[in-house]
Structure formats: structure tokens, C-alpha cells
Amino acid sequence: QVQLVESGGGLVQAGGSLRLSCAASGRTLGRNVMGWFRQAPGKERESVAAISWSGNPYYADSVKGRFTISRDNAKNTMSLQMNSLKPEDTAVYYCAARRTLDSNSYFTSQNDYDYWGQGTQVTVSS
């Protein structure tokens, strides 16, 4: 069992930056795919970024070039550096994990993940 806790959300003006963190406990994340998802009011949860346990990243087109996902397996943490934030980035952001044998694979569907954090609110004002 893995417990995930997000932190780092908040209110920021458009063009600003935030860094989200996801801390895991209960089991090492070393062989887990990790992902960030977000859900805006009235919208479905969508994939933002993901990273394989070997460090292979994926980014949704909407955040490519602005967001950077990273992980520290030794510290059991994952981060999402968000730059050049836009009002449309406003959402609750969730981290997720799933164990896999493939070191290079990542997943972009929420149905592929087994463990979720409680979410952290990110609000970008215009």
C-alpha cells in the first residue's frame, strides 16, 4: 500500500510559478510510474505529466515547455515545476502511482493508476 500526499498548491498570478510536491509513504516508489493529473470544476480529470521509474517523462501538449516533472526515488518524492502559469491551469492537482515492471513505461489514463493523493488546489488569477 502506498500513501501519497501532495503539497505546494496555492494562488498565483498569471505568468507566475509554483512547485508541487508529492511525498510517498508505505512503500518505496522505485518501481512505480508516477503521474500528475488535474481536474477543473465541471471538467474531467486529465493527465498533465507522467514519469517512468527510470525517469522517462511525458507531458500533455497543454503544458509542454512550461511544466517539468521530476522524481527522487531515494527520497520517495515527485515534483512538478510549473512555470508561465495560465488561468486555464487552475484546477485541483493530484499525484498518482502504479507499480510496473517496465522501467521506461508511463501511463496517461487515470484508470491505469492504483494510488492517489488527496489533491492540492492551484489557482491562477488573470
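Keep in mind that the numbers below use all heavy atoms, side chains included, and drop hydrogens, waters and symmetry copies.
With sequence neighbours excluded, the residues forming a side-chain contact (heavy atoms from CB on, under 4.5 Å) with S7 are S21, listed by chain and number. Take N73 and apply the side-chain contact (heavy atoms from CB on, under 4.5 Å) test, not counting sequence neighbours, and it matches R71.
In the hydrophobic clustering of ILVMFWY residues, with side-chain heavy atoms under 4.5 Å counting as a link, L80 and L85 come out together. Hydrophobic clustering, with ILVMFWY side chains joined whenever heavy atoms are under 4.5 angstrom apart, keeps Y106 apart from L4. Cluster membership for V33 and V63, using ILVMFWY side-chain heavy atoms within less than 4.5 angstrom, is not shared. In the hydrophobic cluster analysis, where Ile, Leu, Val, Met, Phe, Trp and Tyr join through side-chain heavy atoms closer than 4.5 angstrom, L18 is grouped apart from V92. M78 and Y113 are assigned to two separate hydrophobic clusters, defined by single-linkage of ILVMFWY side chains at heavy-atom distances under 4.5 Å.
Across all their heavy atoms, P87 and S126 have their closest contact at CG-CB, 3.9 Å. Minimum interatomic distance between S84 and R66 (heavy atoms only, all atoms of both residues): O-NH1, 2.9 Å. Considering all non-hydrogen atoms of both residues, L20 and G9 come closest at CD2-N, 3.6 Å. Taking every heavy atom of both residues into account, Q3 and G26 meet most closely at OE1-CA, 3.7 Å. Of all heavy-atom pairs between Y59 and A49, the closest is CD2-CB, 3.9 Å. Closest heavy-atom contact between F67 and V48: CD2-CG1, 3.6 Å.
Looking at N104 and S54, their side chains do bring a donor and an acceptor atom within 3.5 Å of each other.
Side-chain contact between E46 and Q39 is absent, with no heavy atoms from C-beta onward closer than 4.5 Å. Proximity of Y58 to S52: side-chain heavy atoms (C-beta onward) are nowhere separated by under 4.5 Å. Under the 4.5 Å side-chain criterion, counting only non-hydrogen atoms from C-beta, T123 is not in contact with V12.
By the 6.0 Å and 45° rule, R38 does not stack over the aromatic ring of Y94. Stacking of R98 on the aromatic ring of Y115 is not recorded, the 6.0 Å distance cut-off and the 45° axial limit not both being met. A cation-pi arrangement is present between R45 and W116, with the terminal nitrogen or guanidinium carbon under 6.0 Å from the aromatic centre and inside a 45° cone about the axis.
Remark: F37 CZ to Y93 OH distance equals 13.0 Å, nearest 0.5 Å. The distance from the OG atom of S79 to the CH2 atom of W36 is 7.5 Å, given to the nearest 0.5 Å.
No salt bridge links D89 with K86; every basic N to acidic carboxylate O contact stays at or beyond 4.0 Å.
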Might you work through the side-chain hydrogen bond (donor to acceptor under 3.5 Å, both in side chains) test for N83 and Q81, ending with a clear yes or no? CA-CA 7 Å; N83 299 328; Q81 177 66 42; 2.9 Å; yes
Determine, step by step, whether Q121 and T90 satisfy the side chain to side chain contact (heavy atoms under 4.5 Å, CB included) criterion, reporting the C-alpha distance in whole Å, the side-chain angles of both residues, the deciding distance to 0.1 Å, and the verdict. CA-CA 8 Å; Q121 177 70 47; T90 294; 4.0 Å; yes
Could you please spell out the steps behind the side chain to side chain contact (heavy atoms under 4.5 Å, CB included) verdict for E6 and Q118? CA-CA 7 Å; E6 303 95 336; Q118 82 290 348; 2.9 Å; yes
